[in-house]
Amino acid sequence: MKPDYKLVAKAKYIHATADLASELWHEVYKRYYPAKQLDTLVEELQSADAIEEDIDNDVNYFLVVLGGKTIGYFAWKMENTSLHLMHLYLKPEYRGKALGRDIVLSCERLARGEGKGRVWCTVHAKALPVQQFFKALRYRNLKPAEQETGTVPRDELVFEHTLG
């Protein structure tokens with residue numbers, strides 16, 4: 001069964017995405033950040049207000065729905081020469097089932113169709129399974145990511161795939 005990708009545009013979907021983001025970020029990042037810092041990160045980057053601001057700045061958020069159940073979300077933004085994959089999170093029981101790979105490949109097809117030369121994302125420096133996931137898709141680690149504005153320092157690496 002293939003999942004559906006539901007564009008997040010209406011307020012109820014923005015709130016559903018923020019709730020899901022909070023759940024997934026707390027699960028994924030609890031080993032990298034103290035609880036208070038993690039709460040701050042989620043509030044700054046994935047609260048309903050932050051998601052709405054992203055959408056106002058041309059970020060496209062999608063809920064991943066499989067068999068009527070919301071199992072994850074992803075977000076991307078078209079830039080001058082690239083597609084920036086900003087978020088890709090699936091519930092733990094849906095990881096390792098090629099769903100993330102299919103999302104990344106669909107983003108690559110979209111970028112090619114828009115005439116973009118690359119897809120890039122950032123990955124936490126200690127998230128080795130996520131780094132392996134992107135390496136398996138022929139992404140390469142370019143450099144440490146520049147620190148984004150915000151109150152919590154984030155240790156991230158830039159991964160990039162040049163589109164042929």
Side-chain angles (χ1 to χ4, degrees), residues 3 5-8 14 17-18 20-33 37-38 40-47 50-64 70-92 94-150 152-164:
Y5 307 144
K6 183 184 290 278
L7 179 66
V8 175
I14 291 171
T17 304
L20 180 61
S22 179
E23 174 190 331
L24 291 172
W25 278 50
H26 280 90
E27 181 262 327
V28 169
Y29 294 113
K30 67 184 178 222
R31 58 184 74 78
Y32 309 131
Y33 297 102
Q37 280 191 343
L38 184 50
T40 301
L41 263 182
V42 170
E43 183 60 32
E44 287 179 355
L45 300 174
Q46 295 290 263
S47 64
I51 291 170
E52 192 167 0
E53 188 177 325
D54 277 352
I55 291 169
D56 289 345
N57 288 310
D58 300 322
V59 177
N60 295 277
Y61 276 79
F62 295 86
L63 290 170
V64 181
T70 301
I71 63 164
Y73 75 101
F74 64 101
W76 54 262
K77 180 177 181 165
M78 287 293 176
E79 298 179 340
N80 289 339
T81 60
S82 62
L83 181 148
H84 177 189
L85 179 58
M86 298 176 71
H87 304 289
L88 171 51
Y89 295 92
L90 296 170
K91 290 186 175 182
Y94 295 96
R95 296 177 195 151
K97 299 184 184 321
L99 299 169
R101 181 199 68 202
D102 290 350
I103 291 167
V104 171
L105 294 177
S106 69
C107 287
E108 290 176 7
R109 281 192 299 277
L110 180 65
R112 267 191 208 92
E114 294 288 321
K116 308 300 181 188
R118 67 188 189 107
V119 174
W120 70 279
C121 62
T122 59
V123 176
H124 194 283
K126 293 180 181 165
L128 300 181
V130 180
Q131 292 179 39
Q132 287 307 118
F133 166 80
F134 280 104
K135 286 177 182 173
L137 292 171
R138 300 185 325 274
Y139 281 67
R140 60 196 176 100
N141 178 356
L142 284 185
K143 63 184 189 274
E146 290 180 28
Q147 180 65 38
E148 289 183 36
T149 56
V152 179
R154 295 164 52 206
D155 185 13
E156 296 179 321
L157 304 170
V158 174
F159 277 75
E160 169 192 83
H161 178 64
T162 305
L163 302 172

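Contact record, Gly100 with Leu90: N-CD1, 3.6 Å, taken as the closest heavy-atom pair. When all heavy atoms of Ala111 and Leu163 are compared, the closest pair comes out as CB-CD1, 3.6 Å. Nearest heavy atom pair, residue Leu99 against residue Ile71, reads CD1-CD1, 3.7 Å. Across all their heavy atoms, Trp76 and Cys107 have their closest contact at CD1-SG, 3.9 Å. Scanning all heavy atoms of the two residues, the minimum distance from Pro153 to Tyr33 falls at O-CE2, 3.5 Å. Across all non-hydrogen atoms, the minimal contact from Lys116 to Asn80 is NZ-O, 3.1 Å.
Pairs passing the salt bridge (charged side-chain N to carboxylate O under 4.0 Å, His left out) check and including a residue from residues 99-109, sequence neighbours excluded, read Lys2-Asp102.
Legend: residues meeting side-chain contact (heavy atoms from CB on, under 4.5 Å) with Lys91, ordered by chain and number and at least two apart, are Leu20, Glu23, Leu24, Glu93, Tyr94. In this view, Tyr29 and Tyr89 satisfy the side-chain hydrogen bond (donor to acceptor under 3.5 Å, both in side chains) rule, not counting sequence neighbours. With sequence neighbours left out, Tyr61 forms a ring-ring contact (aromatic ring centres under 6.0 Å, His included) with His87. Taking the side-chain hydrogen bond (donor to acceptor under 3.5 Å, both in side chains) definition, one finds that Ser82 meets it with Glu79, Trp120, sequence neighbours left out. Scored by the side-chain hydrogen bond (donor to acceptor under 3.5 Å, both in side chains) test, Arg31 finds no partners at all (sequence neighbours excluded). With sequence neighbours excluded, the residues satisfying side-chain hydrogen bond (donor to acceptor under 3.5 Å, both in side chains) with Arg140 are Glu160. Looking at residues two or more places apart in sequence or on another chain, you find a side-chain contact (heavy atoms from CB on, under 4.5 Å) between Asn57 and Glu53, Lys77. For Ala21, the side-chain contact (heavy atoms from CB on, under 4.5 Å) criterion is met by Trp25, Gln46, Tyr73, not counting sequence neighbours. With sequence neighbours excluded, the residues forming a side-chain contact (heavy atoms from CB on, under 4.5 Å) with Ala125 are Asp155, Leu157, listed by chain and number. Legend: residues meeting ring-ring contact (aromatic ring centres under 6.0 Å, His included) with Tyr32, ordered by chain and number and at least two apart, are His124.
Using a 4.5 Å cut-off on side-chain heavy atoms (C-beta onward), Val119 and Val104 make no contact. With contacts defined as side-chain heavy-atom distances shorter than 4.5 Å, the pair Leu85/Tyr139 does not qualify.
Distance check, rounded to the nearest 0.5 Å: CD of Glu44 to CD of Gln37 gives 10.0 Å. In this structure, the separation between CG on Leu105 and CG on Leu137 is 6.0 Å, given to the nearest 0.5 Å. Atom NZ in Lys6 sits 8.0 Å away from atom OG1 in Thr70 (nearest 0.5 Å). Taken from CE in Met86 to CG in Asn60, the straight-line distance is 10.5 Å, to the nearest 0.5 Å. Atom SG in Cys121 sits 11.5 Å away from atom NE2 in His161 (nearest 0.5 Å). Once rounded to the nearest 0.5 Å, the distance linking CZ of Arg118 with OG1 of Thr81 reads 5.5 Å.
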For this session: Run the numbers on Asp58 and Met78 for side-chain contact (heavy atoms from CB on, under 4.5 Å), then give the verdict.
Result: CA-CA 8 Å; Asp58 300 322; Met78 287 293 176; over 6 Å; no
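Relative orientation of the Tyr5 and Phe62 rings is perpendicular, given thresholds of 30° and 60° on the angle between their planes.
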